[in-house]
Each structure stands twice: as C-alpha cells, then as structure tokens.
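Working notes for the structure below.
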Amino acid sequence: MAPGHVAYGLRAQYGLVVAPETVMAWERGEISPSSAELTALAGVLWCAPGELLAEPVTLREHRMARGLGADELARRIGLETSSYQKMEDTGRWKGNERQSAALATVLGLTLAQFVTATGKQEELAELLRSAVTTRWQAYVKPLGKLLPIPKHHLERVVEQLHGDYQSRMVATLSWGGGQGEAASGDAGREFLTGIVDRFWQLAGGAA
C-alpha cells in the first residue's frame with residue numbers, strides 16, 4: 001500500500017485525518033503515531049499493533065505493543081488514568097509493589113524490561129552495589145519495592161551476589177602477593193560494574 005492508500009484507509013475506516021506525508025514520516029521513524037493512530041494503522045494494515053513497533057523500551061511502547069489504551073492499563077493495574085499517564089510521560093514509575101507486579105503481568109515484562117521501562121536502572125545498580133559491599137539483608141526490602149519478584153527468591157539472589165563478591169575479594173587478596181590490595185580493588189570494581197547483569201543471570205528473566 002502506498003502512503004496515500006494508508007492515509008485514505010485511516011480516514012475512511014477510523015475517521016482519522018492523516019496526511020500521506022505523515023504516514024511516510026512514520027515509516028522513516030521520524031515521528032511516532034499516537035496510541036489511537038497506531039491502533040487504527042494496525043487495523044488498516046491487518047496486523048497487530050506490536051508488529052508495527054521495534055523492540056519496545058518505554059512504558060508507552062510496551063503498552064502500545066499490547067494494543068492497550070492508557071485508561072485500560074491504568075484500570076487493570078489499579079491506578080487513576082491521570083496518575084498512570086503522568087508516570088508514562090515522565091518515564092518514572094511510582095506505583096506500589098502490587099501495582100508493579102500487575103504492570104509487569106499485564107504488559108508481559110521481564111524483570112530487565114520492567115526496570116528499563118520504569119527508569120529504575122541506576123537505582124537498582126546502586127542498591128545492589130550497597131547490598132554486596134555491606135549487609136545484604138538490609139537491602140532486600142528496598143529491592144522488593146523496586147522489583148516485582150517474590151521475597152524468598154530475591155533473598156537467595158542477593159545473598160548469593162553478596163557471597164560471590166566477598167569470596168572474590170578474599171581470594172584476590174590471598175593470591176595477589178604484593179599487589180593484593182590493588183588487585184582486590186580492581187576485581188571489586190569489575191564485579192560492581194557488571195552487577196546488574198549478574199543479578200539478571202541469577203534472578204532469571206521473568207517478572
């Protein structure tokens with residue numbers, strides 16, 4: 001279908017007045033369609049909304065890929081539409097533990113996708129760094145508030161991360177000879193730099 005045909009279909013079938021030039025801009029990725037435009041576009045092209053998107057990253061993209069309106073998603077996770085819309089617009093999720101779990105379930109998010117979509121990457125990394133370098137038990141609760149993951153599973157993962165970090169530090173000091181402290185510092189920094197990836201490996205991908 002040429003852009004003009006798509007624009008005609010949007011107008012005839014859904015009452016949306018969209019110029020062929022706008023359709024071309026969508027194709028080139030210069031601008032993005034609204035939720036209503038994406039749903040209508042999928043209807044005109046006989047496909048699912050998610051098939052028209054690249055790998056979704058943001059909350060909005062995940063929602064649109066599922067073909068959900070903001071009001072419907074908000075209702076299903078127990079939020080006022082205006083509150084959810086503000087979080088989606090700012091990219092900062094502020095829902096509680098129950099709402100976070102519902103969001104991950106409704107949108108089918110993995111843990112990694114959930115953290116990225118809700119803008120929690122840096123917060124997660126900081127909590128994990130603190131957990132492995134101090135008393136890990138103190139960080140289970142704040143991590144539980146951040147992630148839709150069962151507490152007992154989270155405890156096992158954080159405890160293992162803490163043990164792995166401490167073992168590496170002790171081993172590096174033991175084998176480092178005269179360079180023990182410097183080598184230990186390098187090993188510790190390397191571990192902490194990749195700590196989020198290690199967390200995903202231990203926690204698994206599913207929320």
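Looking at every heavy atom in both residues, Pro148 comes nearest to Ala101 through CB-CA, 3.7 Å. For Gly144 against Leu154, the heavy-atom pair with the smallest separation is N-CD2, 3.5 Å. Shown here for Ser100 and Trp93, the closest heavy-atom pair between the two residues is OG-NE1, 2.8 Å. The heavy-atom pair separating Val6 from Leu45 by the smallest distance is CG2-CD2, 4.2 Å. Considering every non-hydrogen atom in both Gly9 and Val44, the closest pair reads C-CG2, 3.7 Å. Nearest approach of Phe114 to Leu146, heavy atoms of both residues: CE2-O, 3.2 Å.
For Glu37, the side-chain hydrogen bond (donor to acceptor under 3.5 Å, both in side chains) partners at least two apart in sequence or on another chain are Ser34. Shown here are the side chain to side chain contact (heavy atoms under 4.5 Å, CB included) partners of Gln160, two or more places apart in sequence or in another chain: Asp164, Leu202. Not counting sequence neighbours, the partners of Arg129 by the side-chain hydrogen bond (donor to acceptor under 3.5 Å, both in side chains) test are Glu126. Under the side-chain hydrogen bond (donor to acceptor under 3.5 Å, both in side chains) criterion, Trp136 pairs with no residue at all, not counting sequence neighbours. Residues forming a side-chain hydrogen bond (donor to acceptor under 3.5 Å, both in side chains) with Thr118 (at least two apart in sequence, or on another chain): none.
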Let me check something: any side-chain donor-acceptor pairs from residues 71-86 under 3.5 Å, sequence neighbours excluded? List them with distances.
residue, atom, partner, partner atom, Å
Tyr84, OH, Glu88, OE1, 2.6
Gln85, NE2, Glu88, OE2, 3.3
Gln85, NE2, Asp89, OD1, 3.2

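Formation of a donor-acceptor pair under 3.5 Å by the His162 side chain with backbone atoms of Val157 is not found in this model. Here the side chain of Glu159 pairs no donor or acceptor atom with the backbone of Arg156 at under 3.5 angstrom. A donor-acceptor pair under 3.5 Å is absent between the side-chain atoms of Glu123 and the main chain of Lys120, judged by distance alone. Between the Arg11 side chain and the Val17 main chain, no donor and acceptor come within less than 3.5 Å of each other.
If you take CG on Leu147 and NE2 on His153, they are separated by 10.5 Å, rounding to the nearest 0.5 Å. Between the CD atom of Glu190 and the OG1 atom of Thr193 there is a distance of 8.0 Å, given to the nearest 0.5 Å. Of the inter-residue distances, the one linking Thr58 atom OG1 with Met64 atom CE reads 8.5 Å to the nearest 0.5 angstrom.
Proximity of Leu41 to Leu16: side-chain heavy atoms (C-beta onward) are nowhere separated by under 4.5 Å. Using a 4.5 Å cut-off on side-chain heavy atoms (C-beta onward), Thr22 and Pro33 make no contact. Here the side chains of Phe199 and Val132 are not in contact, with every heavy-atom distance at 4.5 Å or above. For the pair Ile195 and Trp200, the minimum side-chain heavy-atom distance is 4.5 Å or more. Tyr139 places none of its side-chain heavy atoms less than 4.5 Å from the side chain of Leu128. Looking only at side-chain heavy atoms (C-beta outward), Gln121 and Val196 stay at 4.5 Å or farther from each other.
Annotation: Tyr8, atom OH; neighbour count of heavy atoms from other residues, nucleotides and ligands within 6.0 Å does not exceed 12.
Hydrophobic cluster membership is shared by Phe191 and Met169, with clusters built from Ile, Leu, Val, Met, Phe, Trp and Tyr side chains linked at under 4.5 angstrom.
The side-chain contact (heavy atoms from CB on, under 4.5 Å) test with His62 singles out one residue from Val57, Thr116, Leu107, and that residue is Leu107.
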